[in-house]
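Both ligands and their constituent atoms are indexed starting at 1 by order of listing. Just so it is clear, the model here is predicted, and its values are computed rather than measured.
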Amino acid sequence: MAEVVIVENAEAAGALVAAEIVELIDGRPDAVLGLATGSTPLPVYKALREKLTGRDVSQVRGFALDEYVGIDPAHPESYRSVITREVVEPLGLDPRRIHVPNGAQDTIQHAGDDYETAIEAAGGVDLQILGIGTDGHIGFNEPGSSFASRTRVKTLTVQTREDNARFFDSIDDVPKHCITQGLGTILRARHLVLLAFGEGKAQAVADAVEGPLSAILPGSAIQLHPHATVVVDEAAASRLRLSDYYRYTYANKPSWQGI
Ligand code: PGA
């Protein structure tokens, strides 16, 4: 099962995950990071900004999880813009090495295959950062997504569009379709790190970590991964049945083991 690390707050989670990423980059300067958008990964990027100061990150490569279909890439809420603003610019990464699925309508039919080819050509993702939606999605793999799915177009649920309406002027402006790495794509990354904060995520976290494997809860796919780490605050951990065991395990973890 996934290793669950319960931390005090989002800042502590950011520091923990950023330390793991720095170690990865120190060992492999052209490491391939799987980048997530949304509010959840922001503490990781903030902590990375401090920890990476003075390091050469010019070789680091990255692949975003998803993008809206039909959105102007220059729109401030396109995931291309978000990744540029939150990750590429603050961390000083080379934008040519950071990939985002292409949501342009005219090439959408082969954009998924193109993205899979690019990930394979890079040798796969070393560490994939993940958030989880209140409906259990990871990436934009909405309930019902195949565990074997590849990068493809999905229809966003009304719940996801409502959750993301805060980034747009109105819910009508939230696109209805997205292009997202599949669950199969995500499972091929060498290390999955899923973060979640707040009571609103508690049920999705419990279902993903301890519930049955089911396409109805796409996050449960992480149970199939040999190296998945779930970093949560107390509120997001509040519905986990084995939370005492996770705390005990982490407290007694051999010091040579990272996350
Ligand atoms: P959030 O989104 O980090 O903005 O809560 C998570 C997700 O939808 O995967």
Side-chain angles (χ1 to χ4, degrees), residues 2 7 9-14 16-18 33-48 63-69 71 76-83 85-87 100-101 103 125 127-145 149 151 154-168 171 173-183 185-187 189 192-209 215-222 225 228-233 235-239:
V7 293
N9 51 37
E11 196 184 348
L16 182 73
V17 177
L33 303 178
L35 303 166
T37 47
S39 309
T40 305
L42 295 179
V44 177
Y45 303 141
K46 184 162 179 261
L48 267 180
F63 287 88
L65 279 169
D66 42 22
E67 177 60 290
Y68 294 111
V69 170
I71 197 167
E77 294 307 328
S78 78
Y79 285 171
R80 164 62 72 185
S81 295
V82 172
I83 288 285
R85 188 170 65 237
E86 310 284 6
V87 185
V100 179
V125 170
L127 186 150
Q128 176 66 58
I129 301 167
L130 295 168
I132 187 164
T134 56
D135 65 359
H137 71 214
I138 53 174
F140 267 146
N141 292 284
E142 299 287 31
S145 295
S149 50
T151 306
K154 288 292 288 182
T155 305
L156 296 172
T157 62
V158 172
Q159 190 174 332
T160 297
R161 291 182 67 235
E162 284 170 358
D163 284 348
N164 287 8
R166 67 190 193 278
F167 297 118
F168 292 83
I171 189 164
D173 295 334
V174 184
K176 293 195 171 73
H177 296 96
C178 64
I179 175 167
T180 180
Q181 285 190 33
L183 294 176
T185 317
I186 291 168
L187 289 174
L192 303 183
V193 179
L194 187 149
L195 300 107
F197 310 119
E199 170 66 29
K201 298 290 175 75
Q203 192 59 50
V205 168
D207 289 344
V209 175
I216 200 74
L217 204 293
S220 64
I222 65 168
H225 198 282
T229 310
V230 174
V231 185
V232 284
D233 65 5
S238 59
R239 298 200 188 170

Hey, are the side chains of N164 and Y68 touching, using non-hydrogen atoms and a 4.5 Å cut-off?
yes
Which pair of non-hydrogen atoms, one from S220 and one from D207, has the smallest distance, and what is that distance?
CB-O, 4.2 Å
Does E67 use its side chain to pair, donor to acceptor, with the backbone of I179 at less than 3.5 Å?
no
How long is the span from the CG atom in L195 to the OG atom in S39, to the nearest 0.5 Å?
12.5 Å
Less than 4.0 Å between a side-chain N and a carboxylate O, is that true for K46 and E86?
no
Does some side-chain heavy atom of T157 sit less than 4.5 Å from a side-chain heavy atom of H137?
no
Contacts for ligand 1, heavy atom under 4.0 Å, by chain and number, are G38, S39, T40, G131, I132, G133, H137, R166, K201
